[in-house]
Structure formats: structure tokens, C-alpha cells
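Bear in mind that the values here come from a model prediction, so they are computed numbers and not experimental data.
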Amino acid sequence: MEELAESIRKSVKERHSLPKMRIRLAEYGNDTELILTAVSALRKDKEAPSARDRDFRAWMLMLCRSREHEVICYMCNELTDAWERKYRTREMLVLCDVLHTLKGHARTNEMTNRVCDYFFRERRNKLYGKTFRIEEKDMAYAESRLPELDKAVFRMTVNHYSHRTFVAEELAGLCGMGYSLMRRKFKTYYGTGHRSGCAGSG
């Protein structure tokens, strides 16, 4: 544990990016006993990990890359659940960055779904004129980091506004984006370019 903690301290001190941290800490992440010990220590701490902690990003990277069921449950059912209930958006944004860095990693689906749901609910509330608690810049940043979230938000927004117009350019404006961007997203998320009259398709 001391060796891992020291390696994390060095990464933080040297201001490593998350991809660089991922490489530097990889050997520790494959040590099941070490990661379970780390989770046990975190559970005993009176204060849950916080984005205010200098080593927060590094620890989230270590835990999110774990394949251990106990670690995944700790992340989803204890940490993330508490952050959701308290609207701790700073912590959730760090998870967006971590999950972006770990894209394609075998066991990140559960965490990705939880983080996406958090931001998607707020985007839906804002779209439908309900009370929302997350700033636009934070929602937009989360969408830029997680393609799954961006896809879900795009499809919801298109479906919401598609009944108002059959003109693609007008629909793009209602969705708050330029027509060229909307065409690219349509091609990516619907598998086809947008055509007049098919705004609600898919």
C-alpha cells in the first residue's frame, strides 16, 4: 500500500495526465489483494473520497479499472450513490474523465451507466422545463467525454423538437446546434444523414 500511495503522490506532484497515470499505475491495478485492501482502508476512513483531495483522480482511476466485483459495488453503490444524492457534480465530472480514459476497459459499463444516468436526468429536466441542479457547462462537458451520454441526449432532444418542424435547419436551431454538426451526429447516432421529413425517425 505504501508503494502504491507513493507512486500516486509522485504522479500528482508531477501533474501527470490521466492517460499517463493509467500507464504508471497499471501494475498496481492488476494486484487484486492490493486493490481490495485499498477499498477496505477507504471504507474505514470517516471522510469519503472527495474531488478536493489532490490524489482523488488517481484513486478513482485505480478503482474504476478494477475487475473485482467488490470494488465495482463499492464504486457504484457507495461512492457514486452518495454523490448522486448530494449532487456532487465535481466528483461525477472526474468520473467522466476517468471513464473517458478507460474507454474500452472490460469492467467500466456499470460505472458508465451510473454516471450517464446522473447527467441524462438533469438534461431531461432542463429540456422539459423542470427544476435542474447542474450547470449547462457541466452537462455539456460530461456529454463531450462520454459518447453514450451524448448519443442519448441527442436522440432525446431530436425527438422532443421533431414535431415542431420538418425543416432540418430549423430543427438544428431548436436543438441548439448548427446544421453541419447535426448532420454529423445524425450519421453517427442514427446511421444516416438527416433528411427533411424524417426528423422523428429512429
Side-chain angles (χ1 to χ4, degrees), residues 1-122 134 138-153 188:
M1 273 294 291
E2 278 302 316
E3 185 179 331
L4 170 58
E6 180 59 26
S7 187
I8 287 176
R9 280 194 290 269
K10 286 182 179 179
S11 287
V12 172
K13 185 176 180 179
E14 295 169 15
R15 302 189 179 198
H16 287 172
S17 64
L18 281 170
K20 194 167 184 177
M21 280 186 186
R22 180 183 185 181
I23 295 170
R24 181 167 188 166
L25 302 174
E27 61 178 295
Y28 302 106
N30 296 326
D31 187 330
T32 298
E33 185 177 350
L34 176 62
I35 298 303
L36 290 176
T37 300
V39 168
S40 179
L42 289 169
R43 278 180 166 144
K44 291 177 182 177
D45 198 330
K46 292 181 180 179
E47 295 291 332
S50 163
R52 294 187 298 271
D53 303 328
R54 295 187 66 220
D55 58 359
F56 180 74
R57 293 163 70 248
W59 278 111
M60 292 304 100
L61 181 67
M62 290 294 297
L63 297 179
C64 283
R65 75 181 300 280
S66 175
R67 293 176 169 84
E68 294 301 311
H69 180 70
E70 183 178 339
V71 179
I72 295 169
C73 287
Y74 170 68
M75 287 297 300
C76 288
N77 301 332
E78 295 181 43
L79 293 186
T80 307
D81 184 65
W83 294 332
E84 284 181 354
R85 285 186 281 103
K86 297 177 181 178
Y87 283 91
R88 297 284 291 271
T89 299
R90 284 183 63 193
E91 282 77 6
M92 300 299 281
L93 288 172
V94 170
L95 291 182
C96 288
D97 286 332
V98 167
L99 293 168
H100 178 81
T101 301
L102 294 174
K103 187 65 180 172
H105 192 69
R107 292 300 301 272
T108 56
N109 286 342
E110 294 95 331
M111 282 299 300
T112 300
N113 289 340
R114 288 297 297 268
V115 175
C116 285
D117 284 348
Y118 175 76
F119 289 100
F120 182 83
R121 288 195 302 269
E122 292 300 295
I134 301 178
D138 291 335
M139 288 192 283
Y141 183 79
E143 290 158 21
S144 75
R145 303 304 275 170
L146 300 177
E148 302 89 343
L149 174 61
D150 189 57
K151 178 179 180 178
V153 167
T188 300

Rounded to the nearest 0.5 Å, what separates atom [atom1] in [X] from atom [atom2] in [Y]?
| X | Y | atom1 | atom2 | value |
| --- | --- | --- | --- | --- |
| Leu149 | Asn113 | CG | CG | 11.0 Å |
| Asp81 | Arg85 | CG | CZ | 4.5 Å |
| Leu95 | Cys64 | CG | SG | 5.5 Å |
| Leu79 | Arg88 | CG | CZ | 10.5 Å |
| Arg57 | Met21 | CZ | CE | 5.0 Å |
| Glu84 | Arg121 | CD | CZ | 5.0 Å |

Would the distance check show the side chain of [X] and the main-chain N or O of [Y] forming a donor-acceptor pair, the cut-off being under 3.5 Å?
| X | Y | answer |
| --- | --- | --- |
| Thr80 | Met75 | yes |
| Glu91 | Ala51 | yes |
| Ser7 | Leu4 | no |
| Asp53 | Phe56 | no |
| Arg145 | Asp97 | no |
| Asp117 | Arg114 | no |

| request: Taking all heavy atoms of Leu146 and all of His100, pick out the closest pair and write down the distance. | output: CD2-N, 4.4 Å
| query | How far apart are the closest heavy atoms of Ile35 and Leu63, and which atoms are they? | reply | CG2-CD2, 4.3 Å
4.5 Å side-chain heavy-atom contact, [X] and [Y]:
| X | Y | answer |
| --- | --- | --- |
| Lys20 | Ser11 | no |
| Arg65 | Asn30 | yes |
| Ser144 | Asp150 | no |
| Leu36 | Ser40 | no |
| Met92 | Tyr87 | no |

[Y]/[X] salt bridge by N-O under 4.0 Å criterion:
| X | Y | value |
| --- | --- | --- |
| Glu14 | Arg24 | yes |
| Arg43 | Glu70 | yes |
| Arg90 | Asp138 | no |
| Arg9 | Asp55 | no |
| Glu68 | Arg107 | no |
| Glu47 | Arg52 | no |

| task | Begin with the C-alpha distance, continue with both residues' side-chain angles, and end with the deciding distance and a verdict on side-chain contact (heavy atoms from CB on, under 4.5 Å) for Phe119 and Glu143. | result | CA-CA 8 Å; Phe119 289 100; Glu143 290 158 21; 6.0 Å; no
| said: Could you go through Cys96 and Val115, starting from their C-alpha distance and side-chain angles, then the distance that decides it, and tell me whether this counts as side-chain contact (heavy atoms from CB on, under 4.5 Å)? | reply: CA-CA 7 Å; Cys96 288; Val115 175; 3.7 Å; yes
| Below 6.0 angstrom between ring centroids: does that apply to Tyr74 and Trp59? |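 No, they do not, as the ring centres are separated by 6.0 Å or more.
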| query | For Thr89 and Tyr118, does a side-chain donor sit closer than 3.5 Å to a side-chain acceptor? | reply | yes
| query | Should the heavy atoms of other residues, nucleotides or ligands under 6.0 Å from CD of Glu6 be counted, would the total exceed 12? | reply |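 Result for CD/Glu6: enclosed.
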